[in-house]
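Throughout, protein chains are lettered first and strands after them, A, B, ... in sequence-line order, and every chain is numbered starting at 1.
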Amino acid sequence: MKLKNQFFYTLRQESADEDSTSSNLLVRSGMIKKSSSGVYMFLPLGLRVLKNIEQIVREEMEAAGAQELMMPSLIHQEIYDKSGRSAAFGPSIFKLNDRYERPYVLGPTHEELFAIAAKMKVNSYKDLPFNIYQFQNKFRDEPRPRFGLIRVREFIMKDAYTFDRDMEGLDVAYGKMFNAYKNVFDRLGLNYVIVKADTGAMGGHLSEEFQAVCDIGEDILVMCDECDFASNLEVAEVISEGTEKGDEGEIEEIHTPNAKTIDELQEFLGEHPENFLKTLVYKVDGEFIAFVLPGNRQANEVKIGKMFNAISVELPEPEEIEEHTNGVVGYMGPIDLGIKVVADNSVLNNKSMITGANKKDYHIKNVSVPRDVKYTISGDISNIKEGDKCPKCGGKIIFKKGVEVGNTFKLGTKYSEALDLNYAAADNTLHPVVMGSYGIGIGRTMAAVVEQSNDESGIVWPMNIAPYKVYIVVIKDTNQEQMEAAEKLYNELNALGIDCILDDRKERPGVKFKDAELIGIPIRVTVGRGISEGQLELKLRTGGDVEDIGVSEIVSKIQEIVKNA
RNA sequence: CGAGGUGUGGCUCAGUUUGGUAGAGCACUACGUUCGGGACGUAGGGGCCGGAGGUUCAAAUCCUCUCACCUCGACCA
C-alpha cells in the first residue's frame with residue numbers, strides 16, 4: 001500500500017472514551033473506531049490484522065479436519081426457546097420482531113443451528129463423526145461493554161461443532177480441537193493458560209478456557225505454584241482444612257453496635273475474620289436460602305447454582321431478606337433463621353465462632369457449628385483464595401488475571417436431544433448425537449495480542465499477523481533518487497508476497513517514523529541520504545539499532561527476517 | 001437496574017457557578033521559512049454548543065423532558 005490517497009490515519013492523542021491500552025492503541029492507529037457502546041468498526045488496517053488471525057485459525061481448523069460454512073445471524077427465536085436458551089441467556093440475547101411481529105433473535109452462539117443443519121446429514125452411525133465451523137458475527141447484549149474489543153456486543157467468533165456417536169468419539173474430537181487451539185495461540189505468540197471452567201449457559205460436561213494472561217483480564221485464574229493445576233475461580237475446588245477449631249462453650253450475646261460488615265466487626269472485636277461465620281441469603285430459583293461460610297471467604301455463586309441445579313442465583317435486596325427470614329441484615333446468623341441453611345465445608349468442625357444474633361446491634365459468640373447450626377446440606381460453596389492449598393498437589397494457590405480468548409465444551413447430548421438430532425446405531429436403535437463446541441473470539445484475541453505486545457511508542461505486532469510486514473519510509477518525497485529506490489524495493493517485496501507500506505506522503509520524517517511505530521509494523525526500511533552510496537537503513541519494531549544495508553542485500557535480508565520470525 | 005459523571009469544529013478540552021450572541025491546542029487550507037524523530041511564522045476555512053420544549057429583550061450558560069457516551073456497582077458463555 002502506498003499511503004498517499006489511501007484511507008489511513010492516525011491520532012496523536014488518546015481517545016477520551018477508551019479505557020484500555022489495547023483499545024487506545026487500536027483506535028489511535030486507525031485500525032478500529034467505536035460505533036456505539038460495545039460495537040466497533042474495523043478499518044482497513046485493523047481488518048487486515050483480523051483477517052490474518054482468522055487465517056491462522058482457519059488453517060488449524062482445516063488441519064483438524066473441520067469444514068467451513070456460514071450460518072445466518074438472524075434466527076427465529078423458536079429455536080432458542082426449544083433448547084431452553086432464551087431463558088438461559090435472558091436479557092443478554094438481542095431480540096427483534098419482523099414486520100409480522102414474529103420474534104427473531106440475533107444469534108449469540110449457534111449450537112442449535114448447527115444441530116439443525118446436522119440433521120440433514122445424519123441418519124446412521126455411518127454418518128458420524130464430522131466437524132464443521134464458521135467465522136461469524138455474534139450478538140450479545142452485554143450489560144457493560146468494556147476494554148475496547150475485549151468485551152463487546154457484536155463480535156466475530158470462530159465457532160466449531162463436532163458430532164460423534166458417543167462420548168469416546170467426542171473425547172477424540174475434543175482432543176483434536178484442543179490441540180488445534182494450542183497451535184493457534186502458540187502461533188500468535190500469546191502468553192496464555194488453559195483452565196477448567198464452568199459450562200454456564202452452554203451446558204454439557206466439561207469446559208476449558210484458553211486465557212490470555214493480562215492485567216485487564218476479567219477472569220481470575222487459579223494456579224498452583226508447584227504443579228500444573230489451573231482453573232477458573234468459578235469452579236476451583238476448595239479443600240477444607242477440616243480442623244477442629246476451639247472448644248465448645250456457652251453461647252453468649254455480645255453488643256456490637258453498628259458493626260454490620262466483617263471489616264467493622266473485625267475492627268470492633270479485634271478477632272480474625274476466619275473466626276466469624278458469615279451468613280448470606282441468596283434467592284436460588286426464587287427460594288431464599290442461607291449460606292454459612294467463614295468471614296474470610298467469598299461465596300461462589302456458580303458453585304451454589306450447581307448445588308441446586310439452579311438457573312438463577314441472586315442476592316436479594318435487604319428488605320426482601322428481612323421479609324422472608326428472621327434475620328436482620330448486618331446481623332445475620334444461621335441459628336433460628338427460619339429458612340434452609342447450607343454450610344460451607346470449611347466451617348463444619350468449627351466450635352468457637354462468632355456470628356450474627358439476628359437482632360440489631362448484637363452478635364453471638366461460642367457458636368459451635370456441629371452443635372448449634374442446623375444445616376440441611378454442606379458443601380463447597382466458597383471461592384478459593386490465594387495461599388490456599390492446591391486441590392491437586394497441596395501446593396500454594398496463586399491468582400492471575402486472564403482474558404478468555406478461546407473456550408471448548410464437551411456438550412454431550414443437550415442440543416441433540418432438544419432438537420431431535422438422532423442416529424440409528426448398528427442394532428437399529430436410535431441415539432442422540434454427542435456434540436462438542438469450540439469458540440475463539442477473533443477480535444478479542446487481536447486485543448489480547450496488543451495488550452501483551454506494545455511499548456510507549458505503540459503496538460508491536462508479531463510478524464504473522466501484522467497488517468503489513470515492512471514499512472518503507474521515504475525521507476524526502478521530492479527526491480527522485482529516494483523515491484525511485486523506494487518504489488523499486490516496494491515492487492520487489494510485493495512481488496515476493498511480502499506486504500509492505502510505502503510512506504510516500506509529504507510528511508516530515510519524524511511523522512513517518514512515529515506512525516510506523518504506532519501501527520506496529522515489524523520491519524522499517526528508511527530510504528534517505530545514504531541512497532546515493534547505495535545504502536538503506538533497516539530497523540526492527542521489536543528493538544535493536546538501525547542497521548545500514550546495501551540495496552543489493554535488502555530484499556534477501558528482509559526475506560530472511562520474515563521467514564525466521 | 002442503582003449511584004455518579006460527560007456531551008461545545010475531525011481529535012483533546014476551556015467557557016456553564018454569576019445569561020449578553022463561541023474559544024484554545026492539535027488536525028485542515030494557502031504562502032513563506034525549515035525539514036533525518038510528531039517544525040515555525042503569517043493568513044484562513046470549519047461548530048446554529050447532543051436533541052426537544054420552556055423562562056427571558058437575550059440561553060452553550062437557567063428550568064423540564066429526552067437521547068447518547070463514560071465510570072463504579074449489580075449482572076454477565
- Gap between atoms OH and C1', on A:Tyr282 and B:C75 respectively (whole Å): 12 Å
- Message: From C-beta outward on A:Glu301, which listed nucleotide comes closest to its side chain: B:C75, B:G38, B:G36?
- Response: B:C75
- Message: Tell me if a side-chain donor or acceptor on A:Arg444 pairs with a main-chain N or O of A:Ile150 at a distance below 3.5 Å.
- Response: yes
- Task: Would you tell me if any nitrogen or oxygen in the side chain of A:Arg144 comes within less than 4.0 Å of OP1 or OP2 on B:U71?
- Result: yes
- Query: Can you tell me how far P of B:C70 sits from CZ of A:Arg146, to the nearest Å?
  - Reply: 11 Å
- Task: Compute the centroid of each ring, for A:Tyr174 and then for A:Tyr181, and state whether the two points are separated by less than 6.0 Å.
- Result: no
- Message: Treating A:Arg28 as the side-chain partner and A:Leu11 as the backbone partner, does any N or O pair qualify as donor plus acceptor under 3.5 Å?
- Response: yes
- Message: Heavy atoms from C-beta onward define the side chain here; which of B:C35, B:C76, B:C28 lies closest to that of A:Arg508?
- Response: B:C35
- Atom-pair distance (CD on A:Glu481; P on B:G36), nearest Å: 16 Å
- Note on the structure: Within residues 434-458 of chain A, those residues having any heavy atom closer than 4.0 Å to RNA chain B are none
- To the nearest Å, give me how far apart CD (A:Glu218) and P (B:G73) are. 11 Å
- Item | A:Gln13 side-chain proximity, nearest of B:G36, B:U12, B:G38 | B:U12
- Please confirm whether the backbone N or O of A:Val449 pairs with a side-chain atom of A:Ser453, one donor and one acceptor, at under 3.5 Å? no
- Query: Taking for each residue the nucleotide of RNA chain B bearing the nearest heavy atom, is the 5' side occupied by A:Ser15 or by A:Gly530?
  - Reply: A:Ser15
- Message: Considering every strand and a 4.0 Å limit on heavy-atom distances, what is the contact class for A:Arg85: base, sugar-phosphate, or nothing?
- Response: nothing
- Item | Nearest-nucleotide pick for A:Pro143, side chain only, options being B:C76, B:C13, B:C75 | B:C75
- Query: For A:Lys34, which contact category applies under a 4.0 Å heavy-atom criterion: base, sugar-phosphate, or nothing?
  - Reply: sugar-phosphate
- Verify the distance criterion only: is there a donor paired with an acceptor across the side chains of A:Gln535 and A:Asp548 at less than 3.5 Å? no
- Note on the structure: Only one of A:Asn407, A:Asp219, A:Asn191 passes side chain to side chain donor-acceptor pair (under 3.5 Å) with A:Gln211, and that residue is A:Asp219
- Minimum-distance nucleotide to A:Asp19 side chain [options: B:G37, B:C75, B:U71]: B:U71
- Task: For A:Lys385, look at atom NZ and say whether over 12 heavy atoms of other residues, nucleotides or ligands are found less than 6.0 Å away.
- Result: yes
- Between B:G10 and A:Lys33, is there an OP1 or OP2 to side-chain N/O distance shorter than 4.0 Å? no
- Message: Considering every strand and a 4.0 Å limit on heavy-atom distances, what is the contact class for A:Glu314: base, sugar-phosphate, or nothing?
- Response: nothing
- Message: Under 4.0 Å, heavy atoms only, any strand: does A:Arg524 hit a base, just the sugar-phosphate, or nothing?
- Response: base
- Would you mind classifying the nucleic acid contact of A:Glu209 as base, sugar-phosphate or nothing, using non-hydrogen atoms under 4.0 angstrom? nothing
- Note on the structure: Here the distance between atom P of B:C31 and atom NZ of A:Lys506, to the nearest Å, is 11 Å
- Task: Give the nucleotide from the list B:C75, B:G38, B:G36 with an atom nearest to the side chain of A:Arg28.
- Result: B:G38
- Message: Applying a 4.0 Å non-hydrogen cut-off, can you work out what A:Ser36 is touching in the nucleic acid: base, sugar-phosphate, or nothing?
- Response: sugar-phosphate
- Pick one: which of A:Val450, A:Ile459, A:Leu50 meets side chain to side chain contact (heavy atoms under 4.5 Å, CB included) with A:Met31? A:Ile459
- Item | A:Ser37 side-chain N/O to B:C70 phosphate OP1/OP2 under 4.0 Å | yes
- Donor-acceptor pair present, A:Glu507 side chain and B:G38 base, under 3.5 Å: no
